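Data first, discussion second: the structure below is written as C-alpha cells.
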Number of protein chains: 2
Amino acid sequence: MSKRTSLKDIAKELNISVSTVSRALRNVGEVSEETRRKVKELAESWKYKPDPLALGLLKNKTGYIGVILPDPVNHYFSTVLHGMNIVAQENGYHLLISYSYDQSVNEQKAIDDFVWARAEGLMICPAIDTIDIRKYQQIGGNGIPLVFVERDIPEMDVPAVITDNYKSMQSLMEFLIGCGYRRIALITNLEYYSVGRICYQAYTDVLKKKRIALRKELIIHGNMSISTSVEAARHLLQLTPIPDAVVVTDDCSAMAVMKVFQEEGLSVPDDIAVTGFNDEPFTSYISPPLTTVSRPGYLMGMKAMELLIETIKKSKSTTDCEKIILESDLVIRNSTIRSPERWTR
Amino acid sequence: MSKRTSLKDIAKELNISVSTVSRALRNVGEVSEETRRKVKELAESWKYKPDPLALGLLKNKTGYIGVILPDPVNHYFSTVLHGMNIVAQENGYHLLISYSYDQSVNEQKAIDDFVWARAEGLMICPAIDTIDIRKYQQIGGNGIPLVFVERDIPEMDVPAVITDNYKSMQSLMEFLIGCGYRRIALITNLEYYSVGRICYQAYTDVLKKKRIALRKELIIHGNMSISTSVEAARHLLQLTPIPDAVVVTDDCSAMAVMKVFQEEGLSVPDDIAVTGFNDEPFTSYISPPLTTVSRPGYLMGMKAMELLIETIKKSKSTTDCEKIILESDLVIRNSTIRSPERWTR
DNA sequence: AACCTTACCGCAAAGGTTTGCGGTAAAATT
DNA sequence: AATTTTACCGCAAACCTTTGCGGTAAGGTT
C-alpha cells in the first residue's frame, strides 16, 4: 500500500519548504543549484509525480476529454473512437467515455457529469432524439470546447466533422437509376439527427430530378435494428409489384434484409437489388457482396479530435466553427449488378 | 461563462461559515432548522453540486473506473464494453478508457496513468504480449481493485471473468471429428495471453484423445488480422492433401479464409470446412453460414464490472479472487455440414 | 558603521470540500 | 445568582499544488 509521495514529503525530508521543492522541480524561481539537485534526486528516487487532482483544482485542467457516442456495439462508431483515441493519446489526453444509446436523457446526464468533472473538451455525436438544443449551448457557456462528430446540427455554431452523406446517397441513387432500377425502396431512420434523414432528402431529390414518382409505400422508417429491418423487408414483399431495389442505410440491416429476400426464394440482385451503408468488413464477404457507401470513420475520429484539441489549446473557443465534411465513396458490388438478360423479365 | 458555485459562495451570501453550509447540505452535525432550510434553498437555486476534484482529493475517490482493452475495433470487445458500461452507469461510476492495441508498453502507460489519477478500480484485458506481470501487482500495491476480463493470468491472485474456451474448443473439435473430419487445420494466435493459446491446448488434447496424429504443418500462428489469415489459408492450400477442415479462432478471419477457398474454386464445406469464433452477427448471413462458438460478451462485461464494483465497495481487496467462467455455446451452421454423398469423394 | 544588492527561501492564499474540536450565546438547572 | 446544559456555529487542518510577495541572511558599497 505504497503512499503516493507529495511535495510535502520531499520538503520534510530535506527540511525545506514545499514551495521551494515545487520551484526546484519545475526549474522556475530562484533556487540554489545545490538544493535543486538534492530535490530532483529525491524526487526521482521517490518517483514523485504531481497529483492530477490538486493540479486540476488549481489550474482548472484535468487532461480529460469527454466522449459521448450513441452506441458501443457498432463497427462504424468503433472506428471513429479508434481515431479519436489515437490522437488523444498522442496529445496526452485521456478519454472519458459515455454512451447515450441514442437517448437524449442519457446524453444530458453525461454532459452534466463531464462538464462538472472539468473535462477539457467534449466530443459528442448527438442522440438521435435530440430536441432540446440548449444543452449544447450550456457547454459552451461553461467555456468548454465542443465538437460534433458524425452528426451535425447545422443551426448550431459548433465545429463538426461529418461525411458527405447527401452526396453519397445522391451518387448511390443516380447509380441505381442509371442501372435501370425504378421502384427503389428506402429503409432508413427518419429521425432528425440521423444519417437517414439526409439520405431521405437525397432520395427524394434524386427521384424528383429524374422525374420518377415518389411512392410513399416504398419508404419505411425504422431504427436500423435487425429485427425491425427484417419486418420492413417482409412488408416490402407484400407490395405488388415488389420493389426492384432496396436501399438500406445500414450494412447490418441490409444484410438481414437481403437474407429475407433470399429465404423467400428471390434472387439478389436479379429479382431485387439491395444496398447498405458504411462498408463494414463483412460486406464484401456475404453473398452477393453488398453495394454500399464507404465512409472514413477512423479519419473522422482523428480529424474531430485534432479539431477539439486545437480548440482546447488556443482555449479561445474562437467559434471558428469549422464544419469539416469528409468524402465517402460508393462501393459497387454484386448486390446491385444485375445480369443484362435479367432486365428483360 | 457561468462560474461554478462553491460552498464558499453560499456561505458568503448567507453570512455563515463554509463548514455550516457543508453540514447543512449533508444533513449531518448540528445546524438549526432555519439555517438548514435557507442553505438548501440557496443551494438549490444556485444549482450547487460538490466539486468532484476537491472531493477526490479529500476522500481519495474519483468515481472513475479505468478500462484497458486491446482493441476498439472488435465486435466482441465492444459487447464487453457495453456490458461494463451499463453496470458502471447504474452504479454512478464513469469509465476512463484506454486501448493497449495488444502492446504491453501501452498497457503499462495506461495503468500508470489511471492509478495516478486515482481510478477507483481497474478492469484490464491483458495485452497479448504481456511478459512482465509485476505491473499488475503494483496496482494491488496501490490498493486499487483489479479485475481481469476475457483473458486471465491463472498464476495471479486477481479476480477474472472469462469464458470456457477450452471446453468450447473441445466441443468443436469433437464435433468436427464426429462429423468425419480428420485433417483439421488450426489458424490461431499462439501467444500466451490469448484465446488462441487455450484453443491450441484443446486442439492437441482432443486429437491425442481421439488418436489422430498431430501434424505441425496444419497449425499456423497468426495475429488474426484478415491479411495474415488470408496468407495462412493460401498456405494451407499448398499442402497435399489439403486439410478437410480449418478451425480459425476468429470470425472475421474465418470469413476471409473461407473466401480464399471459394475463390480457389473449392466448396465449403464439401471440399473443406471452416469454423470461426465469437458468433458475430454476420456469421449467420455469410454463405455458407459459419459454424462458430457463441460467447456471452455482454454478460461478461456486466459480471466483471459487478465484481469490480463489489470489490471497490467493500474496499477490502479481500482477495477472494473469484475466477468466474462463463459458458459458451457451439453454434453449428452449414460451413461444417457436408452432404453425406460428399464424404465418399 | 550604515546602507543596498543579491541570492535564496518561506508564508499564505487559492482552488473546494470535510471534520474534529473549540467556542459562544441562550436556556435550563441548582 | 451562579453554574451547567443545550444548541449552534466557526476555526483550522487535511488533501496537494502553484505563485505573488515578503523576509532573511550574506556579501558588497559608500
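Heavy atoms only: backbone and side chains are in, while hydrogens, waters and symmetry mates are out. Quick caveat, the model's predicted, so the values are computed rather than measured.
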Report yes if at least one side-chain N or O of A:Ser17 is closer than 4.0 Å to OP1 or OP2 of C:dC9; otherwise report no. no
Less than 4.0 angstrom between a side-chain N/O of A:Thr20 and OP1 or OP2 of C:dG10, yes or no? yes
Spacing between A:Leu25 atom CG and D:dT19 atom P, to the nearest angstrom: 13 Å
Atom CD of A:Glu34 and atom C1' of D:dA26: how far apart are they, to the nearest Å? 17 Å
With a 4.5 Å heavy-atom cut-off, do A:Glu150 and A:Pro70 have their side chains touching? no
When the side chains of residues 40-49 of chain B are checked against the rest of the protein, which donor-acceptor pairs come out under 3.5 Å, sequence neighbours left out?
from, atom 1, to, atom 2, distance (Å)
B:Lys40, NZ, B:Asn27, OD1, 2.9
B:Glu41, OE2, B:Arg37, NH1, 3.1
B:Ser45, OG, B:Leu42, O, 3.3

Report the relative orientation of the aromatic rings in B:Tyr64 and A:Tyr64; use parallel for angles under 30°, tilted for 30 to 60°, perpendicular for over 60°. perpendicular
Are the side chains of A:Ile325 and A:Asp152 in touch, meaning some heavy atoms are under 4.5 Å apart? no
Given protein heavy atoms under 4.0 Å, the one-letter contact record of nucleotides 12-17 of chain C, with B base, S sugar-phosphate only and - none, is simply --BBBB
Measure from CZ on A:Arg23 to C1' on C:dG10 and round the result to the nearest Å. 8 Å
Do A:Thr130 and A:Tyr136 touch side chain to side chain, with heavy atoms closer than 4.5 Å? yes
From CG of B:Asn60 across to C1' of D:dA14 the rounded distance in Å is 12 Å
Output the rounded distance in Å from NZ (B:Lys61) to C1' (D:dC15). 15 Å
Rounded off to whole Å, could you give me the NZ-to-P distance for the B:Lys38 and D:dC8 pair? 14 Å
I'd like to check A:Pro296 versus A:Lys303 (side-chain heavy atoms, cut-off strictly below 4.5 Å). Are they in contact? no
Rounded to whole Å, the CG-P distance (B:Asn27 to C:dT18) equals 12 Å
Of A:Lys59 and B:Ser32, whose nearest nucleotide on DNA chain D comes first from the 5' end? B:Ser32
How close or far is atom C1' of D:dC11 from atom CD of B:Glu30, stated in whole angstroms? 17 Å
Proximity of A:His82 and B:Tyr99 rings by center, below 6.0 Å: no
